[in-house]
There are 2 protein chains.
Amino acid sequence: MIFNTTTYLVLGILLREPKSGYDIVKELASFRPAKSSQIYPILAKLEANGFVDCTQVQQDGKPNKKVYSVTSTGKAKLEAWLDTEPEPPVIRDDFLSMVYSVWIKEPETLERLIKDRKTYMEQRLDFFTEKLAVMEASFPADIHNFYSWRHCTRLLYSRRIAMTAQEIEWCNDVLKDHALARRTTEA
Amino acid sequence: MIFNTTTYLVLGILLREPKSGYDIVKELASFRPAKSSQIYPILAKLEANGFVDCTQVQQDGKPNKKVYSVTSTGKAKLEAWLDTEPEPPVIRDDFLSMVYSVWIKEPETLERLIKDRKTYMEQRLDFFTEKLAVMEASFPADIHNFYSWRHCTRLLYSRRIAMTAQEIEWCNDVLKDHALARRTTEA
DNA sequence: GCTCTCATGTAAATGGTTACATGATTCT
DNA sequence: AGAATCATGTAACCATTTACATGAGAGC
């Protein structure tokens, strides 16, 4: 069986807390989005190879669901992965590809591109700041405990927040430069 | 013909300056890495559909190469794309997936992960800082001229540098927290 | 009756990587 | 002779997305 990064992520999610495929998709949404058509086959393979167990759970007011939990073999596999070196990050960002070529258009196009990006990043910043605040209020002890998964979540939120704030700052710098240069040209 | 983001990037590279497939791969390497097996078919398709022209160039001391340049149709296509809205960015980062699950291991694993990341980011920071410095020294006028492609390159470098510096800062924060918490535990 | 959320999947297509194949030229 | 860089490509595979299919239950 082939273990790619997404498969390890699924194991990691289920190790925190048993979940259904549908719930895994929701958990991934804000962090590393994946479609259900990718998750369900991964779960099926993990189960077929004994890395996760599955139990049917009846719900009232909702359809039944299949809740998966990690086996000891699954946990061992995840632990072994954490001792390896991660690949360098890959960023797919259309926005950057557009900035790369935006010099062929009027300056207004760059301005629009940056303003839209800033708006998007401000929304993301609010989203993650809120998430972190809720977690801090709900689990004040866990988030500073090395052996709690919420500690890891806190680290990831704080990184996201810092990165997003940094990008907003960059947008402001570009817009400032832009305004300055245009005033100079007009004068 | 299907135009994906990579195809637009190839057009953007060739519009700055005509290049061979081999050169395009090198140009992309530090920004959005792609393999030659992806670039050559894109060039073939672009040529077959009249978006780029190709001329054989003899070189001495090196094998001959095929240099591509963008046609007016190709430029129009790129311009139209710049008026659309970019998709939200996608980040594939094994490191983050590892941090997500590292709570199941001893704290040393997190420490190692962060230290290695910091080292990697410091290398990247040096690389981009050097690149920007060279460009600033070589083309002091261009980098502030809206209608020069080097202006766009400067924006992308400055963003990369700020982002990378920010990530190093985050690594330092995590390591400081970590040291503090361990001292508290030992005391 | 219609839409929304919950829930699980399959099939086809696209985007990208890995592996392979070939050949010129330069440097050691 | 062997490795390194330059140069162009093909074939097979993997990862992910898009589109499709189905169905229960809730709320309007």
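A note on names: the letters A, B, ... follow the listed sequences, proteins ahead of strands, and every chain is numbered from 1. All values below were derived from every heavy atom in this structure, side-chain atoms included, with hydrogens, water molecules and symmetry-related copies excluded. Just so we're clear, the structure is a prediction, and the values are computed from it rather than from any experiment.
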May I have the distance from [X] (atom [atom1]) to [N] (atom [atom2]), rounded to whole angstrom?
X: A/Asp60; N: D/dA26; atom1: CG; atom2: C1'; value: 13 Å
X: A/Leu28; N: D/dT16; atom1: CG; atom2: P; value: 11 Å
X: B/Ile24; N: D/dG9; atom1: CD1; atom2: P; value: 11 Å
X: A/Tyr8; N: D/dA15; atom1: OH; atom2: P; value: 11 Å
X: B/Ile91; N: D/dT16; atom1: CD1; atom2: P; value: 15 Å
X: B/Asn4; N: C/dA13; atom1: CG; atom2: P; value: 17 Å
X: A/Gln59; N: C/dT5; atom1: CD; atom2: P; value: 17 Å
X: A/Gln58; N: C/dC6; atom1: CD; atom2: P; value: 19 Å

Any [X] side-chain nitrogen or oxygen under 4.0 Å from OP1 or OP2 of [N]:
X: A/Lys62; N: D/dA26; value: no
X: A/Lys66; N: C/dG9; value: yes
X: A/Gln38; N: D/dT17; value: yes
X: B/Tyr22; N: D/dC6; value: yes
X: B/Arg32; N: C/dG16; value: yes
X: A/Ser37; N: D/dA19; value: no
X: A/Ser20; N: C/dC6; value: no
X: B/Tyr40; N: D/dT8; value: yes

A/Arg92 and B/Glu87: CA distance, side-chain angles, deciding distance, salt bridge (charged side-chain N to carboxylate O under 4.0 Å, His left out) verdict: CA-CA 10 Å; A/Arg92 296 275 143 78; B/Glu87 297 286 298; over 6 Å; no
Which nucleotide in D/dC14, C/dT18, C/dG16 has an atom nearest any side-chain atom of B/Lys35: C/dT18
Sidechain-backbone polar pair: B/Glu136 side chain, B/Pro140 backbone, donor-acceptor under 3.5 Å: no
Touch class at under 4.0 angstrom, heavy-atom based, for A/Lys65 against every strand present: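 Since only primed, P, OP1 and OP2 atoms lie under 4.0 Å of A/Lys65, the category is sugar-phosphate.
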Touch class at under 4.0 angstrom, heavy-atom based, for A/Tyr68 against every strand present: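 The answer is sugar-phosphate, as A/Tyr68 gets under 4.0 Å only of primed atoms, P, OP1 or OP2.
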DNA chain D: 5'-proximal contact among A/Ser36 and A/Gly61 (nearest heavy atom):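 Comparing both residues, the 5'-ward one is A/Ser36.
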5'-most by nearest nucleotide on DNA chain D - B/Val90 or B/Gly21: B/Gly21
Trace of the salt bridge (charged side-chain N to carboxylate O under 4.0 Å, His left out) decision for A/Arg159 with B/Glu167: CA-CA 8 Å; A/Arg159 182 182 170 281; B/Glu167 176 131 11; 2.9 Å; yes
Trace of the side chain to side chain donor-acceptor pair (under 3.5 Å) decision for A/Thr153 with A/Arg16: CA-CA 11 Å; A/Thr153 300; A/Arg16 287 175 169 213; 2.8 Å; yes
Exercise: do A/Thr119 and A/Asp116 side chains pair donor with acceptor under 3.5 Å: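 There is no such pair (donor and acceptor under 3.5 Å, judged by atom type) between the side chains of A/Thr119 and A/Asp116.
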Working for side chain to side chain donor-acceptor pair (under 3.5 Å), residues B/Ser97 and B/Asp94: CA-CA 5 Å; B/Ser97 301; B/Asp94 284 13; 5.4 Å; no
